[in-house]
Amino acid sequence: MASTGVKREREETAVVKHDPRALNRIGKELKEVMGMNLREELMMELEPVDEADITRWRAKWYYDHAASPDATDTQKRLAEQLAARGLEYIEFRIIFPEDYPGSAPFVYSHFPHLKGSYIFSQGGICAETLSSKFGWSCVSRAYMLVSTVRCLLENAGCRLKEEFDYGTKSDMDKPNTEEGARRDKNAIEGVHSSGWHGSQGRG
């Protein structure tokens with residue numbers, strides 16, 4: 001696996017007991033994505049964070065295509081920012097719930113930090129498609145969900161946070177944690193308790 005050159009701290013997470021049917025579905029999806037060339041088709045890769053745990057994935061967003069005529073200004077800018085920091089990709093995390101696919105996966109921005117519409121300060125994403133109650137469909141797939149989130153954020157002109165966006169320079173190298181992103185998620189769900197009406201959270 002490619003290294004970003006950034007020392008990542010291991011996150012302490014609660015042990016969740018998944019339903020056997022959920023594990024079966026997650027396993028099938030993992031096998032499906034491993035058999036696809038997502039790097040070429042969608043400019044991303046998906047894999048378990050830990051090979052011993054299939055319920056937690058990382059999604060790597062690459063920008064190899066930024067030099068092509070079809071690349072957007074946002075994609076070109078993200079590629080420039082990644083190169084300037086010596087990074088290869090933007091990493092998101094996907095956490096599958098115990099009753100998957102009855103509930104949507106929890107998706108958040110891990111590292112490097114993004115800013116823009118729909119992105120909260122600790123990596124939470126304000127998107128109807130991530131809502132189990134209002135947007136998620138159990139017939140969808142995790143890789144489709146992540147691709148939808150990517151389109152949403154890039155179409156809104158997301159960027160990497162820069163040094164002046166942080167309290168201290170060292171904060172740039174600290175990934176968003178699941179705990180912090182879930183706090184964002186709780187705030188988002190509070191705002192949208194009765195549905196989605198087009199508001200855009202900002203980091």
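Source: prediction; values computed, not measured. Scope of the values below: all heavy atoms of this structure, side chains included, with no hydrogens, waters or symmetry mates. Throughout, residue positions are numbered sequentially from 1 according to the sequence presented.
- The pair Glu189-Lys185 meets the salt-bridge criterion, with a side-chain N (NZ, NE, NH1 or NH2) lying under 4.0 Å from an Asp/Glu carboxylate O.
- Glu29 and Tyr100 form a side-chain donor-acceptor contact under 3.5 Å, judged by distance and modelled atom types alone.
- Using a 4.5 Å cut-off between side-chain heavy atoms of Ile, Leu, Val, Met, Phe, Trp and Tyr, Met43 forms no hydrophobic cluster with any other residue.
- Rounded to the nearest 0.5 Å, atoms OG (Ser140) and CG (Leu145) are 6.0 Å apart.
- Here the CZ-CD1 distance, from Arg182 to Ile95, works out to 6.5 Å after rounding to the nearest 0.5 Å.
- Using a 4.5 Å cut-off on side-chain heavy atoms (C-beta onward), Asn176 and Phe111 make no contact.
- The two atoms that bring Asp184 and Gly124 nearest to each other are OD2-N, 3.0 Å, heavy atoms only.
- The salt bridge (charged side-chain N to carboxylate O under 4.0 Å, His left out) check on Arg159 picks up nothing, with sequence neighbours excluded.
- A salt bridge between Arg77 and Glu80 is present, with a side-chain N of the basic residue lying under 4.0 Å from a carboxylate O of the acidic one.
- The minimum heavy-atom distance between Pro112 and Ile90, with the atom names listed, is CD-CA, 3.9 Å.
- Thr72 meets the side chain to side chain contact (heavy atoms under 4.5 Å, CB included) test with Thr74, Gln75; sequence neighbours excluded.
- The closest side-chain heavy-atom distance from Gln122 to Glu179 is not below 4.5 Å.
- For Asn24 (side chain) and Pro20 (main-chain N/O), no donor-acceptor pair under 3.5 Å exists by modelled atom type.
- Sorted by first and then second residue, the pairs that involve residues 136-152 and meet salt bridge (Lys or Arg N to Asp or Glu O under 4.0 Å), not counting sequence neighbours, are Glu32-Arg141, Arg150-Glu154.
- For residues 17-58, every residue pair satisfying the ring pair (Phe, Tyr, Trp, His ring centres under 6.0 Å) rule, not counting sequence neighbours, is listed here: Trp57-Phe96.
- When side chains are defined from C-beta on, Leu82 does not count as touching Tyr89, because their heavy atoms never get closer than 4.5 Å.
- Of all non-hydrogen atoms in Ala127 and Leu152, the two that sit nearest each other are CB-CD2, 3.6 Å.
- Under the rule for a side-chain hydrogen bond (donor to acceptor under 3.5 Å, both in side chains), the partners of Asn37 that lie at least two apart in sequence or sit in another chain are Glu40.
- In this structure, the side chain to side chain contact (heavy atoms under 4.5 Å, CB included) partners of Asp99, at least two apart in sequence or on a different chain, are Pro97, Ser103.
- Taking CZ from Arg85 and CD from Glu163, the interatomic distance works out to 9.5 Å, rounded to the nearest 0.5 Å.
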inquiry  = Assess the residue pair Leu153 and Ile125 against the criterion (side-chain contact (heavy atoms from CB on, under 4.5 Å)); give the C-alpha distance rounded to whole Å, side-chain angles, the decisive distance to 0.1 Å, and a yes or no.
reply    = CA-CA 9 Å; Leu153 299 186; Ile125 308 298; 4.1 Å; yes
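- Atom CE of residue Met144 and atom CG of residue Leu42 lie 10.0 Å apart, to the nearest 0.5 angstrom.
- Below 30°, between 30° and 60°, or above 60°: for His110 and Tyr108 the angle between ring planes is above 60°, a perpendicular geometry.
- Taking a 4.5 Å side-chain heavy-atom cut-off between Ile, Leu, Val, Met, Phe, Trp and Tyr, the cluster of Met172 extends to Tyr166.
- Ion pairing between Arg56 and Asp50 fails under the 4.0 Å rule for side-chain N and carboxylate O.
- Taking each heavy atom of Ala66 and Ala71 in turn, the nearest pair found is O-CB, 3.4 Å.
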task = For the pair Glu88 and Lys60, evaluate salt bridge (Lys or Arg N to Asp or Glu O under 4.0 Å) and give the outcome as yes or no after the intermediate values.
result = CA-CA 9 Å; Glu88 298 178 46; Lys60 301 174 182 177; over 6 Å; no
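- For Phe92, the ring pair (Phe, Tyr, Trp, His ring centres under 6.0 Å) partners at least two apart in sequence or on another chain are Trp61.
- Interatomic distance, CD of Glu51 versus CG of Leu30, reported as 10.0 Å (0.5 Å rounding).
- For the residue pair Leu78 and Leu160, the shortest heavy atom distance occurs at CD2-N, 3.8 Å.
- Remark: Asp53 engages no residue in a salt bridge (charged side-chain N to carboxylate O under 4.0 Å, His left out) (not counting sequence neighbours).
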message = Using side-chain contact (heavy atoms from CB on, under 4.5 Å), reason through Glu45 and Arg39 one step at a time and then give a plain yes or no.
response = CA-CA 6 Å; Glu45 292 178 349; Arg39 178 73 177 267; 3.3 Å; yes
request  = Would you please test Phe106 and Ile94 for side-chain contact (heavy atoms from CB on, under 4.5 Å) and show each step?
outcome  = CA-CA 6 Å; Phe106 173 53; Ile94 308 166; over 6 Å; no
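- Side-chain contact between Glu162 and Lys115 is present, with at least one heavy-atom pair separated by less than 4.5 Å.
- In this structure, Lys17 does not pair ionically with Glu98, as no charged nitrogen and carboxylate oxygen lie closer than 4.0 Å.
- For the side-chain contact (heavy atoms from CB on, under 4.5 Å) test with Arg93, the passing option among Val107, Thr177, Val49 is Val49; the others fail.
- Annotation: side-chain hydrogen bond (donor to acceptor under 3.5 Å, both in side chains) contacts of Thr168 (sequence neighbours excluded): Ser170, Asp171.
- The distance from the NZ atom of Lys28 to the CG atom of Leu23 is 12.5 Å, given to the nearest 0.5 Å.
- In terms of heavy-atom proximity, Gly123 sits nearest to Ala181 at C-CB, 4.3 Å.
- Partners of Ala104 by side chain to side chain contact (heavy atoms under 4.5 Å, CB included), not counting sequence neighbours, listed by chain and number: Ser132, Trp136.
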message = side-chain contact (heavy atoms from CB on, under 4.5 Å) for Ser147 and Met44? Distances and angles first, verdict last.
response = CA-CA 9 Å; Ser147 182; Met44 69 179 183; 4.2 Å; yes
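- Annotation for Asp73: atom CG does not count as buried by contact number, only 12 or fewer foreign heavy atoms lying within 6.0 Å.
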